[in-house]
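One structure below.
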Amino acid sequence: MKQTVLFTFILLTGFTFSQEDTDKKFQAGVVFGTGINLNKTSTKKMEVDGVGNSFTVGGIFNFNISQTMAFCTGVEFDFETNNIKPSGLIENSFYQYNDTKIELQKDTKPNYPLYRWTERKQKPVYLTIPTMVLFRTKYFGDFRYFTKFGLRTSFLLGNKINDTGFDYNSNGEPIAAENNSMKASKDMNVVRSNAGITLGTEWNFSGSTSLCFELGYYYGFTGIYRSNKGDNMTNFYLDKDNSNLPTYYSNGMTQSQLQLKISFLF
């Protein structure tokens, strides 16, 4: 995964340096960003455990419609960390696993280890394609100011789960343990989309090269977890109102983001 991202980034960087004139119809550049994830659960069976964070790197492309308007897109890679935990409503959450694979309910077997997780750090990687409209002022000296409106649509490339909790030995006794680099199929949505607005400034500091700073808020209107049904779920709790029978459930959460980005246009 890291090699693929690095290779793509090098290609994008090399391509952007071929741009010579910001007055042309097309501009390209590189972007780096960091931000916080403002997560909100949509189920009473789990809770958000603090804010998440993200790091972004990629290439951006501006198709200039006029001196004051452009269409912005690109290819960005988002590396994120989100923290969740079971809610007090269910107290404990369990799953069965095989090596590094968290098993779906339909794939569990009696001999698979049982794990009770108390804290979860989820680390998804996304490929994101922004589609935004940019409005900007004319230059005041070497500076001009802009705002963007539009969408960031992301495609899930990978997802690692680091759990803190307890394994159970052959006697059914809990032993403190961490389950790191776990994978859970059908856990997260493959596609998500956020609607956002940004404010920024562009500094033309050398020839056709500009440095841009922007701060954006992106509202998440799609869930980041799948609403699995039937036997395609992984987590379960012991239902005290039903003879402590295992009851499976799906995670549910929406995610808004506050991002600061620095980009170079050539």
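Here the structure is a predicted model, which means the values were calculated and not measured.
A donor-acceptor pair under 3.5 Å links the side-chain atoms of Gln96 to the main chain of Lys109, judged by distance alone. For Asn37 (side chain) and Gln257 (main-chain N/O), no donor-acceptor pair under 3.5 Å exists by modelled atom type. The backbone N or O of Phe32 sits nowhere less than 3.5 Å from a side-chain atom of Thr56 that would complete a donor-acceptor pair. A donor-acceptor contact shorter than 3.5 Å links the side chain of Asn204 to the backbone of Thr209. The backbone N or O of Arg192 sits nowhere less than 3.5 Å from a side-chain atom of Ser154 that would complete a donor-acceptor pair. When atom types are taken as modelled, the side chain of Thr41 and the backbone of Gly252 share no donor-acceptor pair closer than 3.5 angstrom. For the pair Tyr145 (side chain) and Phe140 (backbone), a donor-acceptor distance under 3.5 Å is absent. One N or O on the side chain of Ser87 and one on the backbone of Lys44 form a donor-acceptor pair closer than 3.5 Å.
Residues Leu260 and Val30 are members of separate hydrophobic clusters, defined by side-chain heavy-atom contacts under 4.5 angstrom among Ile, Leu, Val, Met, Phe, Trp and Tyr. Met233 and Leu104 are not part of a single hydrophobic cluster, where members link through side-chain heavy atoms under 4.5 Å apart. The hydrophobic cluster containing Ile102 also contains Tyr115, counting ILVMFWY residues as joined when their side-chain heavy atoms lie under 4.5 angstrom apart, directly or transitively. Following chains of ILVMFWY side-chain contacts shorter than 4.5 Å, one can reach Val125 starting from Phe55, so the two form part of one hydrophobic cluster. Under the 4.5 Å side-chain heavy-atom criterion for ILVMFWY residues, no single connected hydrophobic cluster contains both Phe61 and Leu134.
Counted by atom type alone, Lys183 and Asn159 present zero donor-acceptor pairs between their side chains at under 3.5 Å. Tyr218 and Gln255 share no donor-acceptor pair across their side chains, judged by distance under 3.5 Å alone. There is no side-chain donor-acceptor pair under 3.5 Å between Asp163 and Tyr97.
A salt bridge is absent between Glu214 and Lys261; no separation between the charged side-chain nitrogens and carboxylate oxygens falls under 4.0 Å.
The closest side-chain heavy-atom distance from Thr73 to Phe63 is below 4.5 Å. Taking the side chain as every heavy atom from C-beta outward, Asn53 and Val51 never approach each other to under 4.5 Å. Between Phe236 and Thr108, the closest side-chain pair of non-hydrogen atoms is not below 4.5 Å. A heavy-atom distance below 4.5 Å is found between the side chains of Cys212 and Leu265. A heavy-atom distance below 4.5 Å is not found between the side chains of Phe146 and Thr137. Using a 4.5 Å heavy-atom cutoff, the side chains of Val190 and Arg226 are in contact. Put simply, the side chain of Asn162 does not reach to within 4.5 Å of the side chain of Glu178, judged on heavy atoms. Two residues are said to be in side-chain contact when any heavy atoms from C-beta on lie closer than 4.5 Å; Arg116 and Leu114 fail this criterion.
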Check against side chain to side chain contact (heavy atoms under 4.5 Å, CB included), Val191 and Thr222: CA-CA 9 Å; Val191 181; Thr222 59; over 6 Å; no
Full working for side chain to side chain contact (heavy atoms under 4.5 Å, CB included) between Tyr112 and Lys101: CA-CA 11 Å; Tyr112 282 167; Lys101 180 183 178 183; over 6 Å; no
Pair Lys40-Val48, side chain to side chain contact (heavy atoms under 4.5 Å, CB included): steps then yes or no: CA-CA 7 Å; Lys40 182 179 180 181; Val48 174; 5.8 Å; no
Derivation and outcome, side chain to side chain contact (heavy atoms under 4.5 Å, CB included), residues Tyr248 and Asp231: CA-CA 8 Å; Tyr248 280 80; Asp231 52 6; over 6 Å; no
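When every heavy atom of Glu76 is checked against every heavy atom of Arg152, the shortest pair comes out as OE1-NH2, 2.6 Å. Residues Pro130 and Thr128 approach most closely at CD-O, 3.6 Å, considering heavy atoms. A pairwise comparison of heavy atoms in Arg136 and Gln67 identifies NE-O, 3.0 Å as the closest pair. Between Asp167 and Ala177 the shortest heavy-atom distance is OD2-CB, 4.1 Å. Heavy-atom minimum distance, Asn232 versus Asn228: O-ND2, 3.3 Å. The heavy-atom pair separating Phe221 from Leu151 by the smallest distance is CE2-CD2, 4.1 Å.
The other members of the hydrophobic cluster of Phe149, by chain and number, are Ile65, Met69, Val133, Phe135, Ile197 (side-chain heavy atoms under 4.5 Å, ILVMFWY only).
Between Tyr168 and Phe94, the angle of the ring planes lies from 30° to 60°, which puts this pair in the tilted group.
Atom CG of residue Asp49 and atom CG of residue Asn82 lie 11.0 Å apart, to the nearest 0.5 angstrom. Of the inter-residue distances, the one linking Leu238 atom CG with Thr247 atom OG1 reads 8.0 Å to the nearest 0.5 angstrom. Rounding to the nearest 0.5 Å places OG1 of Thr198 at 10.0 Å from CD of Gln259. Taken to the nearest 0.5 Å, the CZ atom of Phe205 stands 11.0 Å off from the CZ atom of Phe143. Put simply, OG on Ser210 and CD on Gln27 are 7.0 Å apart, with the number rounded to the nearest 0.5 Å. Distance CD/Glu119 to OG/Ser93: 13.0 Å, rounded to 0.5 Å.
The local environment of NZ in Lys229 is sparse, with at most 12 non-hydrogen atoms from other residues, nucleotides or ligands closer than 6.0 Å. For CZ of Phe155, the number of neighbouring non-hydrogen atoms (other residues, nucleotides, ligands) closer than 6.0 Å is greater than 12.
Between Tyr225 and the options Thr43, Asp187, Asn189, Thr254, a side chain to side chain contact (heavy atoms under 4.5 Å, CB included) holds for only Asp187.
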